[in-house]
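Structure first, then comments.
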Amino acid sequence: MTMLEKRAWTYMVVSLVTYGGYLVVIAGRLAGGSVTEIDYVPVLLWTLGISIAASIVVGIVTGMIGDRSTRTDVRDREIDQLGDRIGQAFTVIGALGAFVLALFEAPYFWIANSIYLGFALTMIIGSLAKVIAYRRGGFQQW
């Protein structure tokens with residue numbers, strides 16, 4: 001497994017776990033009232049911080065396991081670019097969702113969560129695309 005494939009797995013798993021944890025905490029708080037009453041900001045910021053720190057730590061640990069080669073070839077770079085392009089579409093979708101919500105003066109909760117969902121999907125779907133491309137032998141088969 002190449003370094004870039006390990007990184008894709010790391011980002012995908014960490015993003016799934018941290019965003020899932022965020023949803024569980026927020027869902028628990030929503031059970032008691034409306035979205036305008038819950039204090040989501042600290043949870044959102046902690047989740048983002050934990051996600052970044054966990055990605056770094058898990059990336060270092062997985063980098064020490066198995067092949068430590070940092071060499072990449074054309075195929076690795078093409079797969080990495082493909083996954084990034086696919087993932088970045090979700091950043092745009094999240095931003096557009098936040099833009100529309102802001103135009104309709106939606107509560108800040110929905111605007112912030114639209115952006116965060118876009119970020120999470122960027123990492124999850126982009127990494128998933130990379131993993132699939134690695135497992136299928138490259139991006140030409142897409």
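Values below: all heavy atoms of this structure, side chains included; hydrogens, waters and symmetry mates excluded.
Side-chain heavy atoms closer than 4.5 Å link hydrophobic residues (I, L, V, M, F, W, Y) into clusters, and following such links, possibly through other members, connects Leu23 to Val35. Met123 and Leu117 are members of different hydrophobic clusters when ILVMFWY side chains are connected at heavy-atom separations under 4.5 Å. Both Tyr108 and Val43 sit in one connected hydrophobic cluster of ILVMFWY residues. Membership requires side-chain heavy atoms under 4.5 Å apart, directly or through other members. Cluster membership check: Ile50 does not share its hydrophobic cluster with Val24, using side-chain heavy-atom separations under 4.5 Å among Ile, Leu, Val, Met, Phe, Trp and Tyr.
Considering all non-hydrogen atoms of both residues, Ala106 and Ile111 come closest at O-CD1, 3.7 Å. Shown here for Ala8 and Ser127, the closest heavy-atom pair between the two residues is O-CB, 3.2 Å.
Atoms CZ and CG, on Arg77 and Leu82 in that order, are 15.0 Å from each other to the nearest 0.5 Å. Ile125 contributes atom CD1, which lies 9.5 Å from atom CD1 of Ile86 (distance to the nearest 0.5 angstrom). Distance CE/Met3 to CG/Asp76: 8.0 Å, rounded to 0.5 Å. The OG1 atom of Thr2 lies 9.0 Å from the CG atom of Asp80; values are rounded to the nearest 0.5 Å. Here Asp39 contributes atom CG and Leu44 contributes atom CG; the two are 11.0 Å apart, rounded to the nearest 0.5 Å. The CD atom of Gln88 sits 9.0 Å away from atom CZ of Arg85, with the distance rounded to the nearest 0.5 Å.
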Working for side chain to side chain contact (heavy atoms under 4.5 Å, CB included), residues Trp9 and Lys130: CA-CA 9 Å; Trp9 276 104; Lys130 291 175 188 181; over 6 Å; no

Side chain to side chain contact (heavy atoms under 4.5 Å, CB included) assessment of Tyr19 paired with Leu121: CA-CA 9 Å; Tyr19 189 71; Leu121 288 176; over 6 Å; no

Candidate pair Ile93 and Leu96, rule side chain to side chain contact (heavy atoms under 4.5 Å, CB included), full reasoning: CA-CA 5 Å; Ile93 291 168; Leu96 286 174; 5.7 Å; no

Audit row: Tyr134, Leu4, side chain to side chain contact (heavy atoms under 4.5 Å, CB included) steps and yes/no: CA-CA 10 Å; Tyr134 273 111; Leu4 293 175; 3.4 Å; yes

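Using a distance-only test at 3.5 Å, with no hydrogens or angles considered, no donor-acceptor pair links the side chain of Ser114 to the main chain of Trp110. Although no hydrogens or angles enter the test, the distance criterion places no donor-acceptor pair under 3.5 Å between the side chain of Thr91 and the main chain of Thr122.
At a threshold of 4.5 Å between non-hydrogen side-chain atoms, the residues Tyr116 and Leu48 count as touching.
Taking the ring pair (Phe, Tyr, Trp, His ring centres under 6.0 Å) definition, one finds that Phe119 meets it with nothing, sequence neighbours left out.
Aromatic ring centres of Tyr40 and Tyr22 lie farther apart than the 6.0 Å criterion allows.
A salt bridge between Arg29 and Glu37 is absent, with no side-chain N of the basic residue lying under 4.0 Å from a carboxylate O of the acidic one.
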Donor-acceptor list for residues 51-65 side chains, cut-off 3.5 Å, not counting sequence neighbours:
from	atom 1	to	atom 2	distance (Å)
Ser55	OG	Ser51	O	2.9
Thr62	OG1	Val58	O	2.9
Thr62	OG1	Gly59	O	3.2

